[in-house]
Amino acid sequence: MTYILGTKQTFRDADDAVAMEFLETVCDITALPEYQQLKQFRHHYGTTRYQHCLNVAWYTFLWCRNRGLNYRSAARGAMLHDFYLYDHHKEQPFPGSHAEVHPRAALSNALKFFDPDAIMIDCIVNHMWPGSPHRPATPEGLIVTIADKYCASLEFGTFAARKGLRAVSVH
Ligand SMILES: [Fe+2]
Ligand SMILES: [Fe+2]
């Protein structure tokens, strides 16, 4: 079942054409067993890397669609932007900072399992900007950087609120 943080959409209503198109755009990615492994990695404290990628892809899809951009490639790039299968607190496949290394690891996996176009590649390798010096070259890539930060805020805020409420209920 698909769930996106911050939306009321169920992604089960066949009359919701936008949600159905989103699912159709990303379904081959979510179906990949290696991609499913992202569910095993915690991300932004309270969510999984799988859920984070879905959140980023949905907002990227909407915002690019509303602006007449290539929303399908953008959403697919967003789905793959954090497609790295290791715990960065414990290991890294290349030397360098996490901000520099994990987009390259995600691109390596994207190239292994999919056939990313130039927009998707831009969305993946440059998504850490301005946290890394690699600025996106496309408007779709720029929107992924914004959606990534927006979703990280939502995810962390949800986690913090949950923790806060639990703390309040203890006293
Ligand atoms: Fe990332
Ligand atoms: Fe991310």
Side-chain angles (χ1 to χ4, degrees), residues 2-7 11 22-23 25-26 28-30 32 34-65 69-114 116-162:
T2 299
Y3 157 79
I4 304 291
L5 190 61
T7 69
F11 295 88
F22 172 72
L23 293 181
T25 300
V26 303
D28 63 315
I29 297 175
T30 55
L32 184 77
E34 287 80 359
Y35 195 85
Q36 288 282 323
Q37 289 177 29
L38 292 178
K39 291 179 177 174
Q40 298 168 18
F41 296 97
R42 216 154 64 103
H43 210 75
H44 298 146
Y45 300 95
T47 191
T48 67
R49 203 172 292 155
Y50 178 93
Q51 184 62 54
H52 168 67
C53 288
L54 261 181
N55 293 339
V56 176
W58 168 248
Y59 290 106
T60 295
F61 182 89
L62 277 188
W63 296 345
C64 286
R65 197 173 182 275
L69 299 172
N70 187 335
Y71 58 94
R72 291 175 73 97
S73 285
R76 291 176 66 76
M79 282 297 287
L80 298 169
H81 82 284
D82 278 337
F83 183 24
Y84 60 98
L85 297 167
Y86 57 87
D87 180 348
H88 61 272
H89 297 104
K90 296 179 182 161
E91 57 177 313
Q92 286 211 129
F94 317 112
S97 69
H98 173 59
E100 291 276 347
V101 169
H102 81 275
R104 288 162 55 203
L107 178 63
S108 167
N109 284 331
L111 291 167
K112 187 168 167 189
F113 296 107
F114 301 100
D117 61 23
I119 288 175
M120 291 170 67
I121 291 171
D122 187 48
C123 293
I124 297 166
V125 295
N126 298 319
H127 80 265
M128 285 305 291
W129 187 82
S132 86
H134 311 294
R135 191 190 173 105
T138 64
E140 289 86 351
L142 187 62
I143 284 181
V144 169
T145 67
I146 297 166
D148 191 29
K149 278 80 178 162
Y150 175 72
C151 291
S153 304
L154 277 183
E155 289 155 5
F156 184 72
T158 303
F159 170 78
R162 233 177 17 232

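In listed order, ligands and their atoms are each counted from 1.
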ask   = Does the side chain to side chain donor-acceptor pair (under 3.5 Å) test come out yes or no for Glu34 and Asn109, once each step is laid out?
value = CA-CA 9 Å; Glu34 287 80 359; Asn109 284 331; over 6 Å; no

message = Ring of Phe22, cation from Arg65 - is the NZ or CZ under 6.0 Å from the centre and inside 45° of the axis?
response = no

Atom name, His102 (N, O or S, nearest to the Fe ion (ligand 1)) = NE2

query = Can you tell me if Cys151 has an N, O or S atom under 2.8 Å away from the Fe ion (ligand 2)?
reply = no

ask   = Would you call the rings of Tyr59 and Trp63 parallel, tilted or perpendicular if under 30° counts as parallel and over 60° as perpendicular?
value = tilted

ask   = Taking 4.0 angstrom as the limit, do Arg72 and Asp117 come out as a salt bridge?
value = no

request  = For the Fe ion (ligand 1), decide whether His127 has an N, O or S atom at a distance under 2.8 Å.
outcome  = yes

key: Heteroatom test (N, O or S) for His81 near the Fe ion (ligand 2), limit 2.8 Å   = yes

key: Plane angle bin for Tyr35 and Phe83 - parallel if under 30°, tilted between 30 and 60°, otherwise perpendicular   = tilted

inquiry  = Need the atom name: nearest N/O/S atom of Asp148 to the Fe ion (ligand 2).
reply    = OD1

request  = Name whichever N, O or S atom of Asp82 ends up nearest to the Fe ion (ligand 2).
outcome  = OD2

